Amino acid sequence: METNQNGVNMSVGIVSYGAYIPRYRIKIEDIARVWGDDADILKAGLMVNEKSVPDVDEDAATIAVEAARSAVNRAGIDAQRVGAVYTGSESHPYAVKPTSTIVAEAVGATPVLTAADFEFACKAGTAAVQTCMGLVASGMIDLGLAIGSDVAQGAPGDALEYTAAAGGVAFIIGNRESELTAIIEDTYSFTTDTPDFWRREGMPYPEHGGRFTGEPGYFKHVTNAAKGLMQKINTKPDDYDYAVFHQPNGKFPSRVASMLGFSKEQIKPGLVVPRLGNTYSGSCMMGIAATLDQAKPGDRIFATAFGSGAGSDAFSITVTDKIEEIRNSAPKVEELLADPVYVDYAKYARHKGKIRLA
Amino acid sequence: MSVPRFWRKQIARYNLVGTHCKQCGEYFYPPRNMCPSCRREGEIEDFKFSGQGEVVTYTVIHAAAEGFEGQTPYVLAIVQLEEGPRLTTQIVGDAKDMSIGMKVSPVFRKLGQSGDRGMIYYGTKFVPA
Ligand SMILES: [Zn+2]
């Protein structure tokens, strides 16, 4: 049993994981054509070529359910053991009424459990992971289900429209060592009150502070959380086989990786944003899932999420032998990205219910 | 559809939970509390269907009922589950990809909603397997 600096049992980790990506995609060219933008400049600047689009009957709740079912099935979990369901999203379908109760019912975890919805822009999912870590480490619950799921919205014509995508990832967090697929050695967060991105109640689309918010928002928080964790547990970028950083586009995680001393090779398996777009609460967890899909027992993964508003959660993860047993029992991220159906802007607008013009 | 009426059937819709008569082996979806063949001798238990099935017949809906606007055209089908029961359900995807006898598996989707203020209804639809 390991204990962290606070003397708490930290032998916790990911028992299982599941991802879900809608089948539809739209190419950057097809959005750029509508607004008269230069697609080549955008693609080079964002390092995003296409993004996922939800079906007309998909939302953050249905995506959360599909990801959660995939996680339950991947390791053959008895869902009645799940004592907490937390769904992180900034596109919860109801303003008041939890998404997590829908998920809990649909995976068969009800009725003896606690549940709540989390919100913290793109890091609501990793905040849910941290909460579940605490609950299983303390022995309050047996297993916790932490989900990041979004059908991200960008106002028509706004820069965010080129990357706002749909997808979700679920982690089942536990502390029975024989069950852990990946041990989370420690986590570290860096949080400040930074108004880089927001959406007011009742407004359909978010607002943001413009293109200069990357420095005081993303880069400041990601680097501080990442450095803070490595300092706390005395590791360095070389100690890790893989790294994942929140991917609102391809450029930010690539740049922050090099600022911190991680290589292109380390971030490659988890960098799914060029073919997926930004899945917001699902973004960093999707990168972890894609990395687990190909990691070997003993491999170490460094991951840092970022949510506007603003904060970063960093995790140090070591993959166990269990990965080989469960890896192929649910769809991998690469399989979910394969064989997409492309839609044009008219169909995309209909899928997103985009009838309001900002 | 009223909120209480949907709520009562929610578990069956979310997870394809029906019933099974242990006496004669027949499966029921939607769930039945009494086996029509065995009557009082029947022994009914809850049963969660795998959801694997095939399309018996289908039709393309162009003019949708209230709460389904924005989803048209969509495919409505009778699907026969592996265990035997038949149910009417929406098949997700393009009408041109549908065929009778096609294998399908279940997905969790929005079934509809009561306007902008009412409840959102979730449940099971099917996709080509
Ligand atoms: Zn019977």
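Because the structure is a prediction, the values reported are computed rather than measured. Computed over heavy atoms, backbone and side chain alike; hydrogens, waters and symmetry mates excluded. Each chain gets a letter, A, B and so on, in the order its sequence line appears, and its residues count up from 1.
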TODO: Measure B:Val107 against the heavy atoms of chain A and call it side chain, backbone, both or neither at under 4.5 Å.
DONE: both
Open item on the list: Just by distance, no angles: are the side chains of A:Asp57 and B:Tyr74 close enough, under 3.5 Å, to form a donor-acceptor pair?
Closed with: no
TODO: Find the distance between CD1 (A:Ile102) and OH (B:Tyr122) and round it off to the nearest 0.5 Å.
DONE: 4.5 Å
Task: Under 4.5 Å from a heavy atom of chain A, the part of B:Lys48 involved - done: neither
- [ ] Check the pair A:Arg69, B:Asn15 against side-chain contact (heavy atoms from CB on, under 4.5 Å), reporting the backbone distance first and the verdict last.
- [x] CA-CA 11 Å; A:Arg69 282 180 173 171; B:Asn15 283 320; 2.8 Å; yes
Open item on the list: Between A:Tyr94 and B:Ile120 (side chain of the first, backbone of the second, donor and acceptor by atom type, cut-off under 3.5 Å), is there such a pair?
Closed with: yes
Open item on the list: Is it the case that the side chain of A:Glu66 and the backbone of B:Phe108 share a donor-acceptor pair, with hydrogens and angles ignored and the cut-off at 3.5 Å?
Closed with: yes
- [ ] Using a cut-off of under 4.5 Å on heavy-atom pairs, state which of A:Thr110, A:Val56, A:Val65 scores highest against chain B.
- [x] A:Val65
Open item on the list: Would B:Lys110 and A:Glu58 count as a salt bridge (Lys or Arg N to Asp or Glu O under 4.0 Å) here? Give the steps.
Closed with: CA-CA 6 Å; B:Lys110 253 171 88 164; A:Glu58 291 185 299; over 6 Å; no
TODO: Can you establish whether the number of heavy atoms outside A:Lys332 located under 6.0 Å from its atom NZ is more than 12?
DONE: yes
